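From a predicted model like this one, the values you see are computed outputs, not experimental measurements. Each chain gets a letter, A, B and so on, in the order its sequence line appears, and its residues count up from 1.
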Protein chains: 2
Amino acid sequence: MGNVTLKNIAEILGISITTVSKALKDYPDVNKETRDSVRLLAEKLDYKPNPLAINLRNKESKTLGVIIPRVDHNFYSTVVNGIITEAEDRGYLVIILFSGDSSSLEEDQVKLLLEKRVDGVLMSMATETEEIGHIKELIKKKIPLVLFDKTTEEISCSKVRIDDKKASFKAVEYLIETGCKNIVHFRGPLPPQAYTDRFLGYKEALEKHNITYDPSNVYVCDELTFNEGYEFTKKALEEHPETDAIFAMTDLVALGSLAYCQANGIRVPDQISIMGFSNWFMSQNSTPKLSTVHQPIKELGKEAISILIEEIQQRKNEFPVKHFTAQLPTEVIARGTTR
Amino acid sequence: MGNVTLKNIAEILGISITTVSKALKDYPDVNKETRDSVRLLAEKLDYKPNPLAINLRNKESKTLGVIIPRVDHNFYSTVVNGIITEAEDRGYLVIILFSGDSSSLEEDQVKLLLEKRVDGVLMSMATETEEIGHIKELIKKKIPLVLFDKTTEEISCSKVRIDDKKASFKAVEYLIETGCKNIVHFRGPLPPQAYTDRFLGYKEALEKHNITYDPSNVYVCDELTFNEGYEFTKKALEEHPETDAIFAMTDLVALGSLAYCQANGIRVPDQISIMGFSNWFMSQNSTPKLSTVHQPIKELGKEAISILIEEIQQRKNEFPVKHFTAQLPTEVIARGTTR
DNA sequence: TAGTGTAACGAAAACGTTTGCGGTTAATAT
DNA sequence: ATATTAACCGCAAACGTTTTCGTTACACTA
């Protein structure tokens with residue numbers, strides 16, 4: 001029904017399927033006239049090679065699987081933007097699957113991808129994932145795998161991450177250099193690693209500038225919401241009245257901080273500097289505008305896909321593949337909430 | 001390499017491929033013992049049917065194509081969430097492609113999907129799209145198509161939309177019923193239709209309550225940014241000092257309005273009520289919290305996919321398909337910025 | 001005359017699966 | 001003894017490509 005095949009063309013022209021195929025792919029052993037007539041007819045009939053057949057023959061699907069915790073979140077939707085665009089540019093299609101940050105769902109999705117025979121897998125691990133058997137399974141089956149964002153040392157594959165520690169270090173250093181001495185840090189939960197790295201950067205900056213690190217200056221946010229930022233600011237300011245800066249691990253929380261300060265007549269940045277993280281677009285819509293750390297999220301997606309495709313090509317050509325971890329650079333953006 | 005096939009199992013067991021296939025699919029004409037031994041071995045070897053081969057034989061890919069303007073935007077990432085989850089539940093995989101709101105890119109993406117032989121296409125049209133030849137092409141080639149969100153009457157297919165007009169009507173009626181008489185409306189650009197529908201709902205509510213519609217009370221935002229909300233509020237209040245309510249076509253713009261009022265000592269909602277649209281999560285993080293209209297975005301995605309898959313099944317069974325337009329209901333959420 | 005070269009084409013296998021149909025055996029019925 | 005039936009199995013075609021390896025026909029060389 002409907003779709004034109006090589007066979008159709010061959011029958012109409014009274015030649016073999018082989019010749020039609022060759023004519024279309026510029027094989028040298030086909031007469032110029034034959035070739036032209038084939039091409040003409042193919043054009044006229046709007047012939048499109050059936051990828052299902054090609055894939056079966058070539059044992060590849062030109063499709064990549066991507067597993068992320070969710071997509072309705074600024075970070076992931078931006079990264080997906082980079083992933084899909086880059087993949088398409090390189091001739092691959094992408095299938096997105098969600099783990100919902102659940103370990104068992106993540107496992108199911110890996111299995112699904114395995115069954116669907118994607119050419120490679122890109123994934124950001126679910127926060128709660130500790131059993132990594134299903135990921136090792138991928139390695140064992142020789143499916144090219146690249147981990148990004150939320151990664152683990154326990155898996156031997158290429159990884160792409162934001163250099164959270166350095167980013168955080170630079171942000172805190174900026175606060176110190178602009179005169180802050182009592183810097184409170186709102187960190188995220190223990191896994192994922194990224195939040196710990198940001199905390200480590202905070203600590204390191206303090207140490208470098210001879211400010212003694214006080215654990216009670218660090219508050220752990222669980223939900224990473226605006227409200228948490230608001231409430232923890234209140235708490236922090238009560239417990240540490242001497243505070244002159246707040247470094248929050250994400251913009252939304254920082255915005256909550258800012259809201260608390262404004263609601264309570266605390267001048268920002270004169271009394272308290274506030275530094276966010278992510279450069280979410282809303283950070284430009286506060287008054288004053290939020291200072292933050294820009295992370296190249298879309299580029300993260302692009303880079304991850306590039307590395308994955310690279311590895312697929314290498315394996316196909318039986319080149320040796322070497323794994324590595326790429327750390328993408330960040331940038332402090334000083335706006336109105338810092339001095 | 002690597003992957004187990006029916007042939008492998010057949011050879012090991014010394015039986016034919018046919019029998020192996022049948023054993024695995026519970027055909028009645030295979031001996032219980034044979035069946036068991038096949039299943040056992042298949043299990044042991046971790047046999048997974050090759051979808052590429054199955055697809056080729058069945059002439060279907062169990063894959064759906066989705067074209068949206070972008071994904072790094074709350075509305076679309078939420079809708080994509082619904083789309084992917086629902087599709088997966090029903091045994092389909094999804095390929096997402098972006099049109100970037102460009103007509104020519106949209107055309108390219110349609111072509112790509114056509115070449116890839118997806119079983120159906122779901123799409124939200126690019127704003128600038130006026131040439132719809134490529135969409136008609138889909139219809140002509142009998143590819144099941146469902147339009148959602150940004151649709152057009154010129155294409156005969158099923159559509160799924162938010163009932164923007166009614167939503168807007170209810171929102172404005174709420175403002176009127178809580179005592180507002182001079183309601184300014186910030187609308188969006190002309191295409192897409194949704195913004196016009198929201199405007200129409202605004203007008204209709206006015207008329208129903210015998211408030212004369214004044215075109216100068218309607219301002220057209222082009223960018224739909226926070227800043228536009230801020231600036232247009234300033235302008236509107238200068239031009240219409242009697243204004244007692246602002247109805248913005250989206251939450252971000254409404255948040256900009258709120259910011260202007262607060263920066264200029266205008267009491268919300270006492271002096272001016274503000275109503276947003278979308279129930280974006282940030283609408284809960286302002287003080288006072290933003291009143292808005294909730295739209296079931298994720299459900300929109302689910303509904304669209306359901307209809308598409310339904311249509312695919314119908315065609316496969318050669319049932320007649322009938323097209324229709326589903327309008328999803330909305331809900332006014334009164335919070336702190338309205339009386 | 002036999003051998004060599006070359007241009008143009010096609011047969012066939014392969015990728016892995018599904019399924020209509022026919023075949024074989026053994027048991028049962030007439 | 002013959003016919004009928006049921007139970008079990010496998011051949012082969014089909015899905016649409018790609019590519020290896022022939023084959024054919026013809027011209028040219030020695």
Using side chain to side chain donor-acceptor pair (under 3.5 Å), reason through Thr127(B) and Asp101(B) one step at a time and then give a plain yes or no. CA-CA 6 Å; Thr127(B) 302; Asp101(B) 261 327; 3.1 Å; yes
If you count the non-hydrogen atoms of other residues, nucleotides and ligands that lie under 6.0 Å from CD in Glu131(B), is the total more than 12? no
Whole angstrom value for the distance that separates P of dC15(D) from CG of Asn8(A): 10 Å
Reading nucleotides 17-27 of chain D from the 5' end, what letters show protein touch, with B for base, S for backbone sugar-phosphate only, - for no heavy atom under 4.0 Å? BBBBB------
Could you pull out all residues at least two apart from Asn58(B) that satisfy side chain to side chain contact (heavy atoms under 4.5 Å, CB included)? Ile54(B), Glu60(B)
Apply side chain to side chain contact (heavy atoms under 4.5 Å, CB included) to Glu318(B) and list each qualifying residue two or more places apart in sequence or on a separate chain. none
Between NZ of Lys59(B) and C1' of dG16(C) the distance, given in whole Å, is 17 Å
Residues at least two apart in sequence or cross-chain that pass salt bridge (Lys or Arg N to Asp or Glu O under 4.0 Å) with Arg35(B), listed by chain then number, are Asp26(B)
May I have the distance from Asn55(A) (atom CG) to dC15(D) (atom C1'), rounded to whole angstrom? 14 Å
Are there over 12 heavy-atom neighbours, none belonging to Lys141(B), within less than 6.0 Å of that residue's NZ? yes
Round to the nearest Å and state the distance from Arg35(B) atom CZ to dC9(D) atom P. 12 Å
Return no unless some side-chain N or O of Thr34(A) is found under 4.0 Å from OP1 or OP2 of dC9(C). yes
Name all residues meeting the side chain to side chain contact (heavy atoms under 4.5 Å, CB included) criterion together with Asn81(B); count only those two or more places apart in sequence or in a different chain, and write none if there are none. Val71(A), Asp72(A), Phe98(A), Thr85(B), Lys298(B)
Spacing of Leu13(B) atom CG relative to dC9(D) atom C1', expressed in whole Å: 13 Å
Under 4.0 Å, heavy atoms only, any strand: does Leu52(A) hit a base, just the sugar-phosphate, or nothing? nothing
Is the distance from OP1 or OP2 of dG10(C) to the nearest side-chain N or O of Thr19(A) less than 4.0 Å? yes
Which angle, to the nearest 10 degrees, lies between the helix axes at the two ends of the helix from dT1(C)-dA30(D) to dT30(C)-dA1(D), each defined by five pairs? 80°
With no hydrogens and no angle check, is any side-chain donor or acceptor of Glu106(A) less than 3.5 Å from a backbone partner on Ala126(A)? yes
Regarding Arg315(B) and Glu311(B), does a basic nitrogen lie under 4.0 Å from an acidic carboxylate oxygen? yes
